[in-house]
Amino acid sequence: MVIMGDGMHNFSDGLAIGAAFSANLTGGISTSVAVFCHELPHELGDFAVLLKAGMSVKQALVYNVLSALMAYIGMVIGTAVGQYTHNVTSWIFAVTAGMFLYVALVDMLPEMLHGDSEEHKRCQVGHFLLQNLGLLSGFSIMLLIAIFEDQIVLDFGF
């Protein structure tokens with residue numbers, strides 16, 4: 001279930017990245033940064049779940065990479081759909097934003113509120129500050145990208 005759900009989730013992330021790159025370069029880069037910030041802890045968590053389920057490190061890596069490849073398939077489809085039908089791009093963004101909110105509210109928020117680690121119970125204030133620092137860092141990065149998205153210029157010298 002973890003691998004199937006992660007594969008479908010990665011596919012939708014790839015759709016969003018492909019649609020964003022088909023709209024413009026800076027939108028694609030900002031969407032890629034958002035997906036990266038979202039996926040890094042998600043993939044590490046999935047890796048830990050697979051290890052806890054009894055898989056070896058090699059098996060967990062292989063299955064995690066296979067589910068991550070779904071993002072490339074989604075990106076190709078998202079780019080193709082975004083190139084030829086511009087009215088579908090906004091629907092892709094809406095569905096992906098809904099999935100981001102779903103993951104944040106259903107998976108991440110309860111874990112933050114009811115963490116069961118003994119280390120965290122000893123220093124609740126430090127844990128609270130660390131969680132808020134992570135959330136505020138993510139919000140700040142996304143806000144800065146949204147504000148300065150039109151001013152980002154990439155010159156590769158070609």
Side-chain angles (χ1 to χ4, degrees), residues 1-53 55 57-113 130-158:
M1 281 305 278
V2 170
I3 297 166
M4 287 294 295
D6 191 37
M8 289 172 40
H9 183 89
N10 288 337
F11 179 78
S12 70
D13 289 343
L15 280 174
I17 291 171
F21 270 113
S22 69
N24 61 27
L25 183 63
T26 56
I29 290 173
S30 64
T31 303
S32 297
V33 169
V35 168
F36 175 76
C37 290
H38 158 81
E39 280 299 319
L40 183 63
H42 185 245
E43 293 298 329
L44 290 173
D46 287 344
F47 182 70
V49 167
L50 293 175
L51 288 177
K52 190 105 173 163
M55 287 189 175
V57 173
K58 185 176 181 180
Q59 285 177 321
L61 279 174
V62 168
Y63 282 114
N64 228 1
V65 167
L66 288 176
S67 72
L69 289 176
M70 292 298 291
Y72 290 106
I73 296 169
M75 187 184 72
V76 169
I77 292 172
T79 304
V81 168
Q83 272 314 104
Y84 299 113
T85 56
H86 294 288
N87 56 350
V88 177
T89 304
S90 59
W91 284 99
I92 292 173
F93 290 147
V95 168
T96 306
M99 287 190 70
F100 275 23
L101 287 173
Y102 175 79
V103 168
L105 295 175
V106 173
D107 290 341
M108 188 177 74
L109 192 61
E111 184 64 31
M112 288 177 65
L113 293 175
L130 187 62
Q131 285 179 341
N132 282 303
L133 179 67
L135 287 172
L136 290 174
S137 297
F139 291 149
S140 300
I141 290 169
M142 295 314 303
L143 179 65
L144 289 173
I145 288 173
I147 290 172
F148 297 110
E149 180 179 40
D150 296 332
Q151 298 171 1
I152 296 174
V153 176
L154 297 173
D155 184 17
F156 295 113
F158 293 103

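Just so it is clear, the structure is predicted and the values come from calculations on it, not from any experiment.
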### Task
With the side chain counted from C-beta on, respond yes when L15 and M75 share a heavy-atom pair under 4.5 Å apart, and no when they do not.
no
### Message
Testing the basics here: between I17 and S32, what is the closest heavy-atom pair and its distance to 0.1 Å?
### Response
CG2-OG, 3.7 Å
### Query
Do the side chains of L66 and I3 get nearer than 4.5 Å, heavy atoms only?
no
### Query
What distance separates S67 OG from M4 CE, expressed to the nearest 0.5 Å?
10.5 Å
### Message
Taking CZ in F93 as the centre, count heavy atoms belonging to other residues, nucleotides or ligands within less than 6.0 Å. Is the count above 12?
### Response
yes
### Query
Would a 4.5 Å heavy-atom cut-off, applied to side chains only, mark Y72 and N10 as touching?
no
### Query
Do I29 and F21 have side-chain heavy atoms sitting under 4.5 Å apart?
yes
## Note on the structure
CG of L143 to CG of L136, rounded to nearest 0.5 Å, is 11.5 Å
### Task
Begin from the C-alpha positions of D13 and E39 and carry the test side-chain contact (heavy atoms from CB on, under 4.5 Å) through to its verdict.
CA-CA 9 Å; D13 289 343; E39 280 299 319; 2.6 Å; yes
#### Entry: Non-hydrogen atoms of S22 and G78 that approach each other most closely
OG-O, 4.4 Å
### Task
State, to 0.1 Å, how close G27 and A20 come at their nearest heavy-atom pair, and which atoms those are.
O-CB, 3.6 Å
### Distance (rounded to the nearest 0.5 Å) between L69 CG and F11 CZ
13.0 Å
Would you be so kind as to tabulate the donor-acceptor pairs closer than 3.5 Å made by side chains of residues 45-53, with sequence neighbours excluded?
none

### Query
Side-chain contact, heavy-atom cut-off 4.5 Å: M70 with D6?
no
